[in-house]
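Along the sequence shown, residues are numbered consecutively beginning with 1. Keep in mind the model is a prediction, meaning the values are calculated, not measured.
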Amino acid sequence: MARKFRPTDEPATPTREAILRFVSEHPGKGTKRDIARAFEVHGEGRVVLKRILKELEGEGLIERRHRRFAEPGALPAVLACDIVSRDRDGDLYAEPSEWDADRGPRPRFVVVAVRRRRGEHGPAAGLGDRVLARVVDLPDGYEGLAQAGLRVIKVLEKKPEGVLGILRVTDGGARLMPISKKQYEELVVDAADLGSAQDGDLVSVDIIRSSRLGLGRARVRETIGNLRSEKAVSMIAIHANDIPHIFPDAVIREAEAAKPATMADREDWRALPLVTIDPPDAKDHDDAVHAVADEDPQNTGGYIVTVAIADVAAYVLPDSNLDREALKRGNSVYFPDRVIPMLPERISNDLCSLKEAVDRPAIAVRMVFDSDGRKKSHSFHRIMMRSAAKLSYVEAQAAIDGAPNDRTAPILDGVLKPLWAAYDTLAAARDARGPLELDLPERKVLLKPDGTVDRIVTPERLTAHRLIEEFMIQANVAAAETLEKRRTPLLYRIHDQPSLAKLESLREFLATLDMKLAKQGHIEPELFNRILERVDGTPQAYLVHEVVLRSQSQAEYSPVNIGHFGLNLRKYAHFTSPIRRYADLVVHRGLITALGLGEGGLPDGAEDTLPRVAEDISAAERRAMQAERETIDRLIAGWLADRVGAIFRGRISGVTKAGLFIRLDETGADGFIPISTLGADYFAFDEARHALIGSRSGETYRLGDRVEVRLIEAAPFAGALRFEMISEGAAGRPLGRGAAMRAAKARKDRERKERMGKVRRGR
């Protein structure tokens, strides 16, 4: 007999909240009869239930799909899915075959096996199959691994899309090694199905047979390249994430045919000593800066700051081959061993690179700041410039700190010192503005000539970095203000404030540290900064920084402005990197159109296309971030592969129902400890505390805890590390299974409220 959903203390007529929870947690069982049966509603109660369902539907909290009720935007009861992975226990996992990226990441389902009588036959799905399946309740024990269960109705014909892997050929045959953390098992490739592929090749294969028993089989359809010859694991991420990396011939021809820009429609600023300040290994230089004290007696103590940006719009015209390819790429992608540029080298590293002592076209903004660092005015100009010096961050900082070299000594007093003096003024205004001040250093992987890891460093954060960052922010604000004032279409860089559900989760977490997060209608970054200041220098600092970061929304591009929460700015656009970001090129074109600066402005009808452009380049940005992160994970996993069994110190960087994520101190590498390996106790996930807590012992593993772990397994091509916990957890109060269930219920309620909030906001 099916378990009744209604608790014994709930009334015969269910509450609105109970109905919403049932609809959320039981996809595919949302008919009025299902709901009535779950809550044991009979007789007159059915009339009341019908009224409640109509009210919820009218308020947009549920929607009717044929005879079933579902959450707005929820998955249909039946859908087509691709079986994408299989874990070590033989369980299959699937994802929707088609998915709208606006709805977030693709949901993951566990394929539920159907028990049949002896002699009965039904659809037997395997890895790589496309299936028509019904969404069912999640089986017990899979809460941290999937969103829901799937019961296969029919195996469909799979689209001819290849699976990527690394080929390993031995005397015993050929195997395909997985390159995804989701895929654990290898695939067998028969000699007749190898084609011309050789050992070490990155290949695309078609899965020709897969079942729950034994390894699946595959046939090579395409050889992409060999890792040994290319010495680059970034090639895996490029193909796995479908990143365009080869310029079509028409694009190359167009770039090579481009001629240097002339003085037509430009102001001659070649005498102004603008300088570029970049990382020492930068190949292109798209921004230059200059500052001087304002001689206006009405602005005593003020500064004039100039930011000049490469005039990419002079070479990349709307709807040209270069433009279409740039939009397709969205942005440049940076790997430790290579760069996949948005534009060909003829444009990015030559004609548009602000090289020292070479005439280059640029669009410059001249900004006047008062003695308090507040911007009084600004103006944009289309210019011809000549960089006075190409400097690195370290080089410029050393000069200011009293150690100039032959390059910086001649410009120290006239160029560099005014830049730092102007920054000191702007920094005071920045502090008064109160942007979000998160301190989470990033790792940088340095490679040997053979493409393997040499060492991993955390670059020092210099004042030179902050100077360039603040000047670029001010230039971006000026661009947004100008285009908005001129009523010209533009792409804003927006960053929404944290959602109510994330704020509530953060509030519960802070309460465990005896800290309060005020409940207020208007949220500002200063609210979070005060929290971060309270924990500065304490053992909890890392933990609180991580949790505050996870409470934030993701920045994106949009033609509709909602402001930038993290920077605490009402108007913000990207203007300063058109060589590597398509959004900046759109803003440049807008300025050219708005200010009548000559050729290369916005095309007709640009306003109608901007929403789609914003979606495409936001998706390309997320794609690039994922590819860069995957490549670093693979490089480090390969570096650590010969240290299996070694013990490392690290910190718990993530806590889920499935286990613990660990970040190593030595390398910054991330790995996983499955919850089943923590010990004999039953560990439950306490979301508010970001912890796993033993139900009997109270032993607690919490986000941010320092631990010792042993490396058990390293999968270089998948970029995956698996650890074993050495350290004992902190002593704590036993959570108990009842408390664990209540914590899970509270989490699901928050998730439902978050989804309902998005419906009400029309998002």
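No hydrogens or angles considered: nothing links the side chains of Asp584 and Ser577 as a donor-acceptor pair under 3.5 Å. Residues Gln552 and Asp496 bring no donor and acceptor atom of their side chains to less than 3.5 Å of each other. Looking at Asn568 and Glu524, their side chains never bring a donor and an acceptor atom within 3.5 Å of each other. No side-chain donor-acceptor contact under 3.5 Å links His574 and Tyr492.
Two residues are said to be in side-chain contact when any heavy atoms from C-beta on lie closer than 4.5 Å; Ile456 and Ile632 fail this criterion. Annotation: side chain of Asp681 is in contact with side chain of Ser695 (closest heavy-atom distance under 4.5 Å). You'll find the side chain of Val307 reaches within 4.5 Å of the side chain of Met367, heavy atoms only.
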Test Ile35 against Leu49 for side-chain contact (heavy atoms from CB on, under 4.5 Å), laying out the working first.
CA-CA 9 Å; Ile35 298 171; Leu49 175 62; 3.9 Å; yes
Which is it for Thr677 and Met725 under the side-chain contact (heavy atoms from CB on, under 4.5 Å) test, yes or no, and what are the steps along the way?
CA-CA 8 Å; Thr677 67; Met725 181 65 73; over 6 Å; no
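With hydrogens and angles ignored, the 3.5 Å screen pairs a side-chain donor or acceptor of Asn529 with a backbone N or O of Glu437. Between the side chain of His495 and the main chain of Leu567, no donor-acceptor pair closer than 3.5 Å is present. Under a 3.5 Å cut-off, the side chain of Asn331 and the backbone N or O of Glu621 do form a donor-acceptor pair.
Relative to the six-membered ring of Phe672, Arg722 misses at least one condition, a distance below 6.0 Å or an angle of at most 45° to the axis. Geometrically, Arg493 engages Tyr557 in a cation-pi contact defined by less than 6.0 Å to the ring centre and at most 45° from the axis.
Of all heavy-atom pairs between Asp670 and Arg443, the closest is OD2-NH2, 4.0 Å. For Leu491 against Pro559, the heavy-atom pair with the smallest separation is CD2-N, 4.1 Å. When every heavy atom of Gln147 is checked against every heavy atom of Leu138, the shortest pair comes out as C-CD1, 4.2 Å.
Checked options Val544, Leu438, Leu506; the residue passing with Phe528 is Leu506 (criterion: side chain to side chain contact (heavy atoms under 4.5 Å, CB included)). Across Ile523, Ile531, Val548, a single residue satisfies side chain to side chain contact (heavy atoms under 4.5 Å, CB included) together with Leu517, and that is Ile531.
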